[in-house]
Structures are given as C-alpha cells and as structure tokens.
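Just follow the structure's listing: the first ligand is 1, and inside any ligand the first atom is 1.
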Amino acid sequence: KQSYDFRTIEAKWLPFWVQDGTFVVDPADERPQKYVCDMFPYPSGDLHMGHAEAFAIGDVAARYARLRGYNVLHPIGWDSFGLPAENAAIKNNAHPAEWTYTNIETQAASFKRYGISADWSTRLHTSDPEYYRWTQWLFLKFYEQGLAYRKDSPVNWCPSCQTVLANEQVVGEGVCDRCGTPVTKKALNQWYFKITDYADRLLDDMDQLKGAWPERVLAMQRNWIGRSEGAHVDFPVEGGHTVTVFTTRPDTIFGATFFVVAADADLAAQLVTEEQRAALEEYREQLKSVSEIERQSADRKKTGVFLGVHATNPATGAKMPVYATDYVLADYGTGAVMGVPGQDQRDWEFAKAFDLPIVRTVQPPAEFEGEAFTGEGPAINSANSEISLDGLEVEEAKARIIDWLESKGAGRATTNYRLRDWLLSRQRFWGAPIPVIHCPDCGEVPVPEDQLPVQLPTEAKGEDLRPKGKSPLAGLNDWVTVDCPACGATATRDTDTMDTFVDSSWYYLRYVDPKNTQAPFDVEKVNARLPVDQYVGGVEHAILHLLYSRFFTKVLYDMGLVNFTEPFKALMNQGQVLNGGKAMSKSLGNGVDLAEQMDEYGVDAVRLTMVFASPPADDVDWADVSPAASQKFLGRAWRLAQDVTSAPGTDPAAGAAGLRAITHRTIADAQSLLDDQKYNVVIARIMELVNAARKEIDSGAGAGDPAVREAAEVTAQILSLVAPYTAEDMWQMLGHDPSVANSAWPAYEESLLVEDTVTAVVQVKGKLRDKLEVPADISAEDLEAQALALPKIQRYIEEDGGVRKVIVRAPKLVNVVTG
Ligand code: ANZ
Ligand code: ZN
C-alpha cells in the first residue's frame, strides 16, 4: 500500500486543475450566482503568511458556495502600482515594471501552488495600460461632472520620500508611515475628488451593510465621515469683517465670552491689528515645531495671542476679545469658534489661562463639581429683550435660538463633516498619469478619450525616478511636451499620477469583464454579477479603500453605469498571523516563510492549520499551532479513502447506524457553522468524523461497510474547502470523476439526526425508583432538574421529608438523599 505523500498528490492535481479549467466561470452557466472576492494583493516579493491566511479563508467561502451549487466568480489580480516598485527601480537602475512583473509572476506561481480556486481568466494588473486606460477614463468622467478638481492647499509632505502624504499616512507623532521622517507642510496645486458631496449617502447607505459588515468597520467609517449637526453663526468683528463660526451648541451662545480662530489660517492674519501682528507671527513660528497630534491633545496647556480686535456677540451684544490659538483647527468647520467656557472644557481652560469671564448657560445638577458642564439641563442666563431660552432643555433651546438667529440673518442650521475631499495627486512615477494637458492658451484640457491611455514612459529608469520635489515625470521632457488637443499649441502634460487607491476603487467591477477594450466594463455583465456577495480582506482597509470603493460605486450609479449603490454586500476581516504573540517582522526576527512551510508540511497542511487555528476574524499565532499535526490528520483522512477502495464490499453492519448518524450530523452542523463563518469548528467536526470512521473500520464491519464509504466521501467533500489536494485525491480513490470542488454539498437525512440518548436511573436513598431518556451529553444540572421533576420522584421526596442532598453522575445516575 502507498502511504500519504503530499508531494505526489500536489504534483498530480495542480496541472489537472489548470488544464481542466476547474474554476473558470462558464458564461452560459445559468445557476444562481455568488461573487466571492479577496482584496487583491500588492506584489511585494513572494506571498507571505498573511496572504496564506486571508486567501485560505476567502477560498473556503468560494468553495463552499461552489459545492452549494452556485455559479461562483472568484477572481484574482494585482494592485501593482505603488511606491516600493519605484524605490526598487531607483536602487537597481531599472524600470519599476521589472520589479513589479517579476514579483507578480512569483506570487502567481505561489497562488497556484496554494490551490486557490481562482478563475485565472479574470487576472488583471492595475499597472497594465489596458487597465489604467480605464482608470484614466473614469477620472475624466469624474472631471466632467465636477467631481475632480484642482486647488492649492497645504499638504503633508515627507521631505525624505519627497512626496505628498494623505492624513492617514502620517502616523504616530506626525511622522511618515513609510520612513519615519517628521512630516512637514507644503503648498501645492493638487487634484482632488469631491467625495464630500457624497458624505450623507456614504453614511446613510451604511444601513444596507448592518449585520453584514463588522460593526467596528461601520463605526470607523461613520467616525471618519463625522457628521455633526449644528449651526453657522455670524459675528461682526472690528475692522469690518464678519466671521462665521461652526457650533454644535448654538444654545450656549449667551455664554460666549471670547472668540478664537485657528492661528495658522489666513483668517488670523486678516483680523489682526498692526500692533499685534508681530506677536501673531512669533506665535505662529513657535507652532511650527508642534505636531498636529500634540496640538489636539486634551492635556496640552492652552495658549494663544490676542489679535487686538473684538467680535460682537449677536445674542448679548457683548464685545468679545478675539484670539488666535492652536486648539482651533484651520481645516475643520470654519476655523473659528465662539468660546463658551461654561460648557466646553477646552474653552474653560482657555478662559482660565487668559482671565476671561465664565457664564454658565446650562444649569448643572446640585452635586456637580466639575469645571465646564457638558451635560443636559435647563438653560439659564440665556435671555435678551427679544428671546429667552431659560428653562428649556438643550435640544429645544437649540431649535429656538436657530430660529431667532435666522430671523435676524445672523445664523442658520448646518451640517458639518469631518470628511475631507480625497487628495489624489501623487508626485510619483509608478501610477496612472492624470490625463490632463495644461495649455498656455486653453488652460486645463482633458486628454480626449481616443488618446487614452496616457502611457508611462517605458525607457525611464533608475535616477530618472528619483523625486526632486516634483513628480519624476516632470523631468522627462519628451514625455511632458505635447500638442494641445484643443488648439495645437505646445503644451505640457500633467505630471502627477493618481493615488493607487483610485486603481483599487473599481477593480472588482473590472473582474467581471477584464478584457473589454471598449469600456471599463460591460454594464449588463456587472449588474448581473454584482454587488460582491462576500468581500474578504484585512481590517487595515477598514476606512480608506472601502470608503473610496463605496464612493466610486455611488458615482457610477449616478452615471447609470451600475444599478446598485453599495459594492460589497458582506465583508469579512481576517485576523493577523503572529509568531510568538507578535506580528512577524524583520527586526524581531520572528518571520515564518510560507514557501518553507509548504515545502515541509504540504500546502493542505498549511491551509488547514490557518483555518483550524481560530475563527477567521481572530489572530493566528503560528507558535501555537502545529502544521505537523495537520499533516498527520490529512494522512488519516486520506487512508480512509484508501482503505475503502481496497476493501471488499460487505453488507451494512449493525453498528454502522452510529457512524451514519455521526456523518449526517456532521453535514448538518458543518452547514450552519459555515453559514456562521465558524470555519475552525467545521475542521474539528471533520476530525471527529474521521476518527469515528476509523473506529468503525477497526471494530465494526471493516472498510467495506457502506457507512464507512459514506463517511469517507463526506470527508472528502467537506475537506475540499481547506485541503483541496488531499480531498481531490480521496475523491478519485473513491471512484468519482474530479473535481470534488464541483461535486455537490452532501445532503443529510433528517431521520438520521436524532440525538444520541441514554437511559438514566434515578434512585431515592439508593433505591431505584424511576428511569428517564436523556441526551448522552446532558449536563449534571439538567439531569438533576429533570430527575427531580419526575412525578414519582417528587412523591418519594415528599414522603421522606424533603431533599437533603443530590448526587449526580451524568448521564447515567441520579441519587436523591432525603430526610
Ligand atoms: C460652541 C460650543 C459650546 C461648542 C459648547 C461645543 C460645546 P464636533 O462635534 O467635533 O463637530 N469647533 C468648531 N470648529 C472647530 C475647529 N476648527 N477646531 C476646534 N474646535 C472647533 O465639534 C464641534 C464643536 O467644536 C463646535 O461647537 C465648536 O465648539 C468646536 F458647549 O461651539 B462648539
Ligand atoms: Zn490649447
């Protein structure tokens, strides 16, 4: 007899799946559809353990849907633009494409080996001109609708990477997330997408995702969008200005005793008097060395500088001194705030520091001992000759004061968002060029559609790519200089490339129609296949990638290109793979090499270990798991099929009813466990089934018993979700045509699902008095309760003077001691 050898099995089935086209979607397939999509990988070197986990989990979902009879699309592609390719190119004096496509080939080979049930005919790379042509086309569509625009703005700038960073790329104490260099500000003319136009829909449409997306991801999106209901209130300021503030608490206006503006905004410089200008400049200088994080810290001492002018409070008529301070942010609300020390703690601290009056306008409870009171309560000190809020609760007071301010033309209700427009310009080479030409006569001219793609120069390499404070493309004169498409004058190309998040905002649409040369995708094909039923990927994308994809989908919906408003119906975030309780890293030296693991234990053992280790959303600690044990288990499962094949057929044995019950219970449970995404428990159940079948072979009628064959077949089918090679081999040994992946989900027989029961005896004072049938796994508490509830037993207890003590040996015995 042969022994289980994963190398032979892998070498046999990998080429088979490719030649057979096992996972290629048949366009004529009319069965109901499922779209299972993994967040596509970035081609940084070979696949690592993190990929192995994410893709093993996604593959369970895809393979399960396939067995359940769905026409499953499970695509694959690469997010292949981005900075590391560029850095490698500079280092190796090469073009970024070299590094990129070499790595993609390496990863593709590993994916195939890893047995991912992907449809390789969908394969796409965002750095292919055939793909980014349509990224550029989409940009132009956004531009036509006014959703892409340019503006001058201070941007986060990494002096070392020489590039603009998005806010979320600024981490820790305000340093670059790539190189750790402190980030500075720089004014640049940049392209933006107007995602803020969609803020309300991005929030409101989350109703569609409740229960199907992790609640914490929804919370992070909600918080990122940050909708605040409040009011704009206008304050006349000496010098002829009117400055508007955003406030969520217009009801507190009678307690506004000072006025603060962001020190680093233009507004401060406009308001300041000549006498105070030098003081403001000095204050601004000091701020340059303070990071954003520090500025926003609640414990920071309040500082500021008087601007020499006063604002008039429209409710009280009081003159309020105006200060510039660092706790007001330039780019939130209007960059100006009415200071209400009685109700806002930051304002309280500022008032204390500058010796300003404090007036409470909400009555705190008697026991209140704090400083600013931010809770609910009746309004006080809030009246003038025209209006009184006194006695009103906060919500009503807000509504009343807004009405009054509106009637005076001094304010209005408004909604403010934390969300900012999406800065998409990157001063980098390896991205999709922004398809715009700048003409000295016509200004901004979009590249005509029939001239797309605007291709990246193929001959640039090495030093050409080193950033010099502007995009490397700007230094490539042959590429930059073009004729204006509108007037023919000598013009220049836009030299920025798009944020790679643009590429990844629509790839899941392209997967449905990856070879289309006429459009980014066929509308009908996309509408027939999307939204994605199950999206799988890391929680690191909880905000941006998902928000941007949701935004793209809504814009495309408005353009009539898709008929749904949310791209991902369900989202699963897998955990991380750790080693020794810590994320794997070069510096810790605790990295585990995926290829080595596969060489040593086999693909199936690695996949099974990943899925078995924990529920998909939890972390996997590679130090706590045993791929060797997984391999051993797979050998046991495989030998089951081998024994069944080589055994002569026998009649069903009496004892086999027990095995059949276990088999069918396993199918039924696996089904609900898979639907609940408790993939790890499914594996535990399959292990139990394999043990039960082995026991049956050893003690019962042998491997020829039909119940054993049934158990082996069910094992192969369910095991195919995580261990495709072993399962395929088993399936063939059991006499079926491959592929097991396209066989069927085994059906269970209801009648075989009855629980195992045992007879428990109930004694009173050691004498047998009654019996009852109970589940074999009944708990001691349940057994005791059921026994004491028996009418016969109750009678004995009563006669004998009540219960003194109950001894329970679940599931077989209960002894009641009375008297
Ligand atoms: C007066 C007031 C009284 C306020 C009160 C709060 C409590 P959220 O909920 O985050 O939107 N604010 C407005 N613009 C600001 C800026 N650029 N930098 C710092 N703070 C700013 O917060 C809105 C509140 O934050 C606004 O309401 C304003 O202070 C402050 F008892 O106005 B409030
Ligand atoms: Zn022109």
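- For the pair E215 and R222, the salt-bridge criterion is met [side-chain N within less than 4.0 Å of a carboxylate O].
- Set against the non-hydrogen atoms of Y327, the atoms of ligand 1 under 4.0 Å away are 18 (N), 19 (C).
- For atom 6 (C) of ligand 1, the nearest protein heavy atom (residue, atom name, distance) is D344 OD2, 3.5 Å.
- Here D421 does not pair with K151 in a salt bridge; the nearest charged N to carboxylate O distance is not below 4.0 Å.
- Nearest protein neighbour of atom 1 (C) of ligand 1, counting heavy atoms only, is T247 OG1, 3.1 Å.
- Short contacts between ligand 1 and V328, defined as distances under 4.0 Å to a heavy atom of the residue, involve ligand atoms 16 (C), 17 (N), 18 (N), 19 (C).
- Ring pair F350/F258: centre-to-centre distance below 6.0 Å.
- For ligand 1, the atoms closer than 4.0 angstrom to any heavy atom of M338 are 1 (C).
- Of the possible donor and acceptor atoms, none in the side chain of D499 sits under 3.5 Å from a partner among the backbone N and O of L424.
- The aromatic rings of F193 and F552 sit perpendicular to each other, their planes meeting at more than 60°, with 30° as the lower class boundary.
- Checking each of W191, F551, Y149 against F142 for a ring pair (Phe, Tyr, Trp, His ring centres under 6.0 Å) leaves exactly one that passes, namely F551.
- Using 4.0 Å as the threshold, N416 has no heavy atom nearer than that to any atom of ligand 1.
- The closest protein non-hydrogen atom to atom 31 (F) of ligand 1 is Q343 CB, 2.9 Å.
- Using cut-offs of 30° and 60° for the angle between ring planes, the F501 and H541 rings count as perpendicular.
- Close contacts between ligand 1 and F246 involve ligand atoms 11 (O), 13 (C), 23 (C), 26 (C), 28 (C) [criterion: under 4.0 Å to a heavy atom].
- Remark: minimum distance from atom 11 (O) of ligand 1 to any protein heavy atom is reached at Y332 OH, 2.4 Å.
- At a threshold of 4.0 Å, the pair K398-D251 does not count as salt-bridged, since none of the basic side-chain nitrogens sits closer than that to a carboxylate oxygen.
- Residues D204 and R227 are paired through a salt bridge, judged by an N-O separation under 4.0 Å between the basic side chain and the carboxylate.
- The side chain of V337, and not its backbone, has at least one atom closer than 4.0 Å to an atom of ligand 1 (non-hydrogen atoms only; side chain from C-beta on).
- Closest heavy-atom approach to atom 30 (C) of ligand 1 among the candidates R418, E229, R346: R346.
- Taking every non-hydrogen atom of S228 and a distance limit under 4.0 Å, the qualifying atoms of ligand 1 come out as 8 (P), 9 (O), 11 (O).
- Near T252, with a cut-off below 4.0 Å to any heavy atom, the atoms of ligand 1 are 3 (C), 31 (F).
- A salt bridge between D234 and R412 is present, with a side-chain N of the basic residue lying under 4.0 Å from a carboxylate O of the acidic one.
- Among all non-hydrogen protein atoms, the one lying nearest atom 24 (C) of ligand 1 is T248 OG1, 3.8 Å.
- Scanning all protein heavy atoms for the shortest distance to atom 18 (N) of ligand 1 gives L329 N, 2.9 Å.
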